[in-house]
Amino acid sequence: MTRALAGIVIISALAALILGLIALHATSPLLYTPSFDGSTPAHTNPAGLEKISNDQAERLLPLMSDLLESPGTVMVNIRYGYLDLAQRDLDEFFETARSLDTLVVNLDMTESEIEEFRRMNRKNLDIMTELLNSTSRMDELRTLEVRFRDSNDPQALTSITYEGEALRKKVRDLLTDYESQREPMTRAGEDLELNTTEYQESHQIFEEIVRNIEEEQDIRTRELQTIAIPTPDPFHISLRVSPSVVRYHDTLVISGFLSGPDTVGSEIEIFVDSGRETSVLTDTSGSFSYRMRIESVSQGGHTVFATFTGSTFSDIHSFTVETLPTTLTLADPLPVKGGYSISGSLTAPDRPVSGAGVNILLDGKVSRKIVTGNDGNYQAVISLPVGDHDIRAVFTPMTLPLGPSESESRHVVVTPEDVPMTFPRLYSLLFGAIAIAVSSGGAYLYLKRRPGKPYSSPFTESLTLDGTASLPPEDLESVPEPIKMSLEIRAGQALEEYRREENARDAARLLFLFLRTEITARFRLRHENSITAREMVRSSEGRAFFSPLRTFAQIYEKMRYDREIAGQEEKERMGSAFSATTGDLEGEEH
Amino acid sequence: MKNIRPYWWIAGAVLAGAVILVAFQFSTTNLEYSRYNPDWNGTSAFFGLVEAPHGVELHSAAQLTGREGSMLLIIAPRGDLTPDERLRYREFLKSGNSVRLADDSGEGNMILSARGSSLRLSPGNVSSADREYRDPSSVDAFPTGDEPLVNGLHMVCLNKPAVVQGGSPMLGTSILTWIDLNGNGRLDREEVLSRHTMMASEKLGNGTIYVLADPSIFINGMLDPAVCEGNSALVNRILAAAPNGVMIDQEHGMTGSEDGAIQLVNLMKGTTLIRAVALLLTALGVIAVYRAIKKRGDT
């Protein structure tokens with residue numbers, strides 16, 4: 001008995017230990033995968049590697065080939081004046097360029113020669129956009145020129161000529177930019193075995209477009225001098241732009257003086273690159289000034305002129321915007337509530353870069369875009385999944401006259417303990433707890449049925465099989481009253497209760513429970529709480545009360561489980577069988 | 001016999017099961033490329049294929065003598081050749097046989113130079129954007145010539161390959177391939193995209209030597225990956241290429257790697273006297289165990 005109990009205890013303890021060990025892994029049940037130890041110096045287990053679609057790599061080279069051809073297609077339409085078609089081609093160019101952007105990130109090539117190609121292509125796209133805008137404006141000027149000639153409006157014609165001059169300068173600068181890309185772009189294409197013929201040809205087309213615009217502007221300027229009737233203009237604008245070379249966050253001062261009658265408080269319009277930048281009022285001396293902060297101004301040359309009432313024009317002045325290199329830092333990510341804190345700063349020499357977008361790359365893919373504050377600092381909280389991660393910050397200047405930059409890579413190891421409790425994780429923990437509780441409950445109930453467990457009935461201690469009290473008298477005194485009553489009296493009370501109970505099934509149950517308690521206690525039968533009437537009969541074979549008990553069991557089963565409710569006669573029969581059984585039971589006791 | 005109580009039978013069955021498990025455990029290994037390794041990095045499956053085209057294992061260079069129309073396959077070579085072996089290997093090639101060497105460690109260069117070949121292997125972190133798995137060192141290779149061995153194959157998946165220098169290219173990577181110099185798994189500015197030869201051949205006398213820059217295609221894990229049918233096709237073509245059968249070099253190839261218990265078992269298998277003694281001892285052991293169990297059961 002003791003050894004069996006010890007065995008049960010040991011097995012139970014082992015089971016509990018195993019359950020405990022399993023519970024530790026309940027939230028991350030990954031015990032072994034092929035990727036767990038699936039790499040040697042010679043090879044990696046393919047079963048542990050994630051399969052990917054190779055479509056992206058297959059698309060890369062055809063896409064780059066298309067991009068090399070795109071500027072030429074746009075420019076052919078510009079040259080022949082099909083600006084709508086050029087716009088459509090430019091839109092397609094833009095979409096293709098965007099696809100390349102995505103591919104470069106997805107293929108983790110953000111620091112490669114493919115990335116160089118992508119950047120140069122982006123610049124080509126910007127140049128094409130500017131070229132199309134300039135030629136569209138040139139086209140509008142052409143229409144306006146005809147109208148103003150018809151209305152003989154020399155002031156308007158002068159204005160158009162000035163704007164045309166600015167556009168001429170702009171497209172010339174665009175050509176210079178485009179030419180600067182020619183050699184590296186061609187080399188990159190040829191290195192990747194791409195056909196660069198159309199790209200080479202596009203430079204000739206560009207030159208042709210610029211030449212046409214310049215010729216047109218020359219004619220316009222010449223005709224302005226011959227057609228425009230000089231009218232006496234009492235006003236004159238002198239203009240000054242300083243400094244001639246500016247950089248990001250520098251201030252360009254555009255100032256001048258309006259001379260003529262009554263110049264106080266006159267509105268002067270200032271144009272930068274043929275676009276109206278602002279208007280200012282002259283002071284009491286006729287002077288005006290505008291301070292332009294250099295932010296989203298592209299790198300290269302730009303033109304400035306000023307007009308008064310649309311009829312008095314200043315000379316055209318120019319200034320150059322130079323690109324500044326940038327430095328991007330990234331601090332070690334710190335675990336905070338809700339994820340990891342990502343912070344750093346973006347600066348150009350001696351100045352912060354404010355309002356700029358910084359991309360946070362998580363394992364090579366853009367995870368978040370953060371905008372820098374006035375001090376150039378940026379900060380955000382990002383959530384990281386469990387595992388090893390490389391985090392970098394990348395700054396790509398779009399229209400800002402700044403160089404691109406990239407931070408150092410930061411390595412973060414996120415353990416399951418670092419990840420905040422999520423609903424699925426909570427759910428799995430809850431599930432694990434319920435499973436353990438149910439298992440433990442089941443084990444408890446099972447153990448309770450096991451043989452050898454001492455019965456808690458008072459008869460176990462007070463009476464032996466032959467009816468002799470085994471407890472000393474003083475202990476017997478402490479036994480509760482009902483236990484000290486004789487079986488006959490208690491059986492009589494049970495029978496009275498049985499008769500009072502109107503529900504026949506419940507009544508039958510009362511008598512059965514009485515007999516079960518008495519018999520299992522007296523004869524130390526197992527499963528005292530679950531033994532059935534039949535089992536009780538089988539266990540009583542050979543005893544004096546066997547025959548009435550068998551009759552009792554038959555009636556009991558009929559009363560309890562028959563579909564029809566037992567009648568009074570049946571109830572009486574059961575009562576008789578019960579009395580006979582208890583009588584014989586008492587007889588056997590004595 | 002009938003006196004042996006049931007639980008002794010159960011104990012005997014458990015013991016027998018344990019013995020079988022232990023025997024299985026000691027008959028395998030986890031050595032790289034070993035034919036006794038049934039795990040992903042072993043070549044047990046490949047050696048199952050070798051038996052069909054009458055493949056034989058080469059344990060001595062003397063077996064090469066007098067062969068014609070045969071092929072010697074060396075997978076993951078190790079060590080240098082002895083002067084006698086050099087002579088026999090050269091004669092083997094001159095006689096119109098072929099040699100196929102698969103290596104990514106550069107160890108094969110000693111064998112190549114010993115056979116007078118100009119082909120060389122350059123180990124390196126070959127990485128590619130053309131791949132089937134999210135690991136840059138799982139490189140796809142494509143047929144580049146008209147060589148019947150590779151002609152018509154769509155592609156072959158390689159696993160941390162080296163690069164073959166010289167000879168006539170047969171398999172090559174796409175242009176989107178680079179040598180990952182800093183091993184960061186990414187294409188960096190100083191790393192150049194270019195095509196690399198993964199398999200090449202060279203005529204030497206009447207024979208031909210073929211060099212494949214990755215022996216991994218013979219391992220169990222790479223022999224027939226679901227995403228890459230070309231691997232098993234190439235392996236089957238290699239095995240069927242020689243009219244007079246293929247010989248697998250177990251002396252200089254890592255496929256012959258064996259350790260502890262396997263060495264002992266192979267020694268027993270290779271020596272008749274030891275084999276007979278081992279069988280006798282086993283039989284005696286079984287009888288002794290049976291008697292012991294019976295005795296315990298009776299008591």
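A note on names: the letters A, B, ... follow the listed sequences, proteins ahead of strands, and every chain is numbered from 1.
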TODO: First locate atom CD1 of B/Ile111, then atom CG of B/Leu121, and finally report the distance between them rounded to the nearest 0.5 Å.
DONE: 10.5 Å

Task: B/Ser44 versus B/Asn220, side-chain donor and acceptor atoms under 3.5 Å - done: yes

Open item on the list: Quick check on B/Asp104 against chain A: is it the side chain, the backbone, both or neither that has a heavy atom closer than 4.5 Å?
Closed with: side chain

Open item on the list: Less than 4.5 Å to any heavy atom of chain A: does that hold for the side chain of B/Glu191, its backbone, both, or neither?
Closed with: backbone

- [ ] Answer with side chain, backbone, both or neither: which region of B/Leu158 has an atom nearer than 4.5 Å to a non-hydrogen atom of chain A?
- [x] neither

TODO: Under 4.5 Å, counting heavy-atom pairs only, tell me which of B/Glu132, B/Arg186, B/Arg131, B/Glu32 racks up the most with chain A.
DONE: B/Arg186

Task: chain A contact via B/Asp130 - which portion, at a heavy-atom distance below 4.5 Å - done: both

Open item on the list: Among B/Leu193, B/Asp135, B/Val192, which residue has the highest count of heavy-atom pairs closer than 4.5 Å to chain A?
Closed with: B/Leu193

Task: Donor + acceptor pair across side chains of B/Ser128, B/Thr177 (<3.5 Å) - done: yes

TODO: Begin from the C-alpha positions of B/Phe47 and B/Gln250 and carry the test side chain to side chain contact (heavy atoms under 4.5 Å, CB included) through to its verdict.
DONE: CA-CA 11 Å; B/Phe47 274 83; B/Gln250 296 292 76; 3.5 Å; yes

Task: Atom group of A/Glu115 that falls short of 4.5 Å from chain B, counting heavy atoms - done: neither

Open item on the list: I need the minimum non-hydrogen distance between B/Pro161 and B/Asp214, along with the two atoms involved.
Closed with: CB-CB, 3.8 Å

Open item on the list: Between A/Ser405 and A/Thr327, do the side chains contain a donor N or O and an acceptor N or O under 3.5 Å apart?
Closed with: no

Task: Under 4.5 Å from a heavy atom of chain A, the part of B/Asp140 involved - done: side chain

Task: Distance, nearest 0.5 Å, that separates CH2 of B/Trp40 from OG1 of A/Thr44 - done: 6.5 Å

Task: A/Asp191 portion near chain B, given a 4.5 angstrom heavy-atom threshold - done: backbone

